[in-house]
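Reading through the structure tokens given below for one structure.
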Amino acid sequence: MSRTNFDTLLEAGCHFGHLKRKWNPAMAPYIFMERNGIHIIDLHKTVAKVDEAAEALKQIAKSGKKILFVATKKQAKQVVADKAASVNMPYVIERWPGGMLTNFPTIRKAVKKMTTIDKLTADGTYSNLSKREILQISRQRAKLDKTLGSIADLTRLPSALFVVDVMKENIAVREANRLGIPVFGIVDTNSDPSNIDFVIPANDDATKSVEVILEACCAAMIEGLEERKAEKIDMEAAGEAGAAKGKKKPAKARLDKSDEEAINAAKAAAFLKEDEEA
């Protein structure tokens, strides 16, 4: 069963190509027609690509791995932040920090610095500082939070990137390509799909268009997370049953051992009796 449908995508305006009349010939396989200089995207292909991407994202989420959402354009910021948060995934909606993936250890140091500031603030260490010093530290903390707040829990490189407007986020795409991290991308008619592993041809300028696609993908991820949770419960139940079964064996062994000792004691008593009679 399809995770989205033609009419929903049509209503959201997913079929409109880039409105500046620029288009990339590499997007030709996803173009239905041209009208008044605007290239119309084939929504049948969009539906198929959304389903393909959603299934792959479901499996990644089910495996317990992280997917990093990236969208710094105004139209998509809030939608991406809300949808990523709903599936407990990290996201970047401000300026992409160069080297975030290729120089990940440095980014982690900045995140640890932010965490250290929080700890020192909580335990009252900063209470002895001057107002000026506290203000400087607060500003530094706010700056770090704005840039890195949503990835504070990202302790290792993400297993995939989901990008809205692959042309605008080309640095993030290049870094992911360099590290072999698969990229899921909403690709408009003016973009190059060649570096995107899972292409979703659609209008990346309309908030509703981005929202509809993210709803389908995040719904699939929620399914994956629920399946992971169910499997974990089953494994724990099986482990408890195995542990309970394992506990019975030592009891049996102890019973067998006590029986053996009783038999040996009886044999020894009989032997001593025979020895006394002799």
Side-chain angles (χ1 to χ4, degrees), residues 3-4 8-9 12 14 49-98 100-101 104 107-108 110-111 114-115 142 144-173 175-176 179 181-188 196-200 202-229:
R3 295 188 178 277
T4 186
T8 303
L9 295 174
C14 295
K49 289 297 184 179
V50 168
D51 289 344
E52 181 184 336
E55 186 58 33
L57 289 167
K58 175 183 174 180
Q59 296 306 318
I60 294 173
K62 185 178 178 179
S63 67
K65 296 175 181 177
K66 293 292 184 181
I67 299 150
L68 178 61
F69 287 77
V70 185
T72 60
K73 65 193 306 178
K74 185 178 179 181
Q75 303 95 308
K77 276 186 179 185
Q78 194 57 49
V79 174
V80 169
D82 293 342
K83 296 300 180 184
S86 71
V87 289
N88 196 29
M89 293 294 174
Y91 56 88
V92 174
I93 57 173
E94 300 299 334
R95 183 184 65 84
W96 174 265
M100 180 170 173
L101 299 179
F104 190 69
I107 298 296
R108 283 302 304 161
V111 172
M114 184 171 64
T115 306
L144 288 169
D145 184 59
K146 185 177 181 180
T147 308
L148 307 171
S150 63
I151 62 167
D153 297 328
L154 191 64
T155 56
R156 63 182 64 184
L157 285 171
S159 295
L161 249 65
F162 191 104
V163 179
V164 177
D165 194 342
V166 298
M167 191 172 184
K168 182 176 177 61
E169 315 300 344
N170 65 90
I171 298 175
V173 172
E175 288 189 29
L179 296 173
I181 297 173
V183 179
F184 295 74
I186 298 179
V187 185
D188 210 331
I196 310 303
D197 299 280
F198 292 86
V199 176
I200 302 176
N203 179 5
D204 61 17
D205 290 317
T207 301
K208 187 63 178 175
S209 172
V210 174
E211 185 177 6
V212 167
I213 292 170
L214 283 175
E215 279 179 359
C217 292
C218 289
M221 291 169 65
I222 289 172
E223 287 179 16
L225 292 170
E226 289 297 326
E227 288 180 11
R228 175 179 172 79
K229 189 176 179 180

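Nothing here was measured: the structure is a model prediction, and the numbers come from that model.
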Non-hydrogen side-chain atoms of [X] and [Y] separated by less than 4.5 Å:
X      : Y      : result
Lys73  : Asp205 : yes
Phe104 : Leu154 : yes
Thr155 : Arg108 : yes
Asp165 : Ile186 : no
Glu215 : Arg3   : no
Lys77  : Glu94  : yes

Hey, what do you get for [atom1] ([X]) to [atom2] ([Y]), rounding to the nearest 0.5 Å?
X      : Y      : atom1 : atom2 : answer
Leu225 : Lys58  : CG    : NZ    : 11.0 Å
Gln59  : Ser159 : CD    : OG    : 13.0 Å
Ile222 : Leu57  : CD1   : CG    : 12.0 Å
Cys218 : Ile213 : SG    : CD1   : 11.5 Å
Leu68  : Leu101 : CG    : CG    : 6.5 Å
Lys65  : Leu157 : NZ    : CG    : 12.5 Å

Charged N to carboxylate O under 4.0 angstrom, [X] versus [Y]?
X      : Y      : value
Glu223 : Lys62  : no
Lys229 : Glu226 : no
Asp204 : Lys168 : no

* Chi angles and distances behind the side chain to side chain contact (heavy atoms under 4.5 Å, CB included) call for Leu179, Glu175 -> CA-CA 6 Å; Leu179 296 173; Glu175 288 189 29; 5.5 Å; no
Do you know the tightest heavy-atom contact between [X] and [Y]?
X      : Y      : value
Met89  : Ala61  : CE-CB, 4.4 Å
Ile196 : Gly185 : CG2-N, 3.6 Å
Ala53  : Phe184 : O-CE2, 3.6 Å
Ala220 : Ala54  : CB-O, 3.4 Å
Ile107 : Pro97  : CD1-CB, 4.4 Å
Cys217 : Ile200 : SG-CD1, 4.4 Å

* Asked: Which is it for Lys66 and Asn88 under the side chain to side chain contact (heavy atoms under 4.5 Å, CB included) test, yes or no, and what are the steps along the way?
  -> CA-CA 9 Å; Lys66 293 292 184 181; Asn88 196 29; 4.0 Å; yes
* Could you point out which residue of Ile151, Leu161, Val163 forms a side chain to side chain contact (heavy atoms under 4.5 Å, CB included) with Val92? => Ile151
* To do: Apply the test side chain to side chain contact (heavy atoms under 4.5 Å, CB included) to residues Val164 and Glu169: give CA-CA distance (whole Å), side-chain angles for both, the deciding distance (0.1 Å), then the verdict.
  => CA-CA 8 Å; Val164 177; Glu169 315 300 344; over 6 Å; no
* Asked: After noting the C-alpha distance and the side-chain angles of Leu214 and Phe162, does the key distance pass the side chain to side chain contact (heavy atoms under 4.5 Å, CB included) rule?
  -> CA-CA 10 Å; Leu214 283 175; Phe162 191 104; 3.6 Å; yes
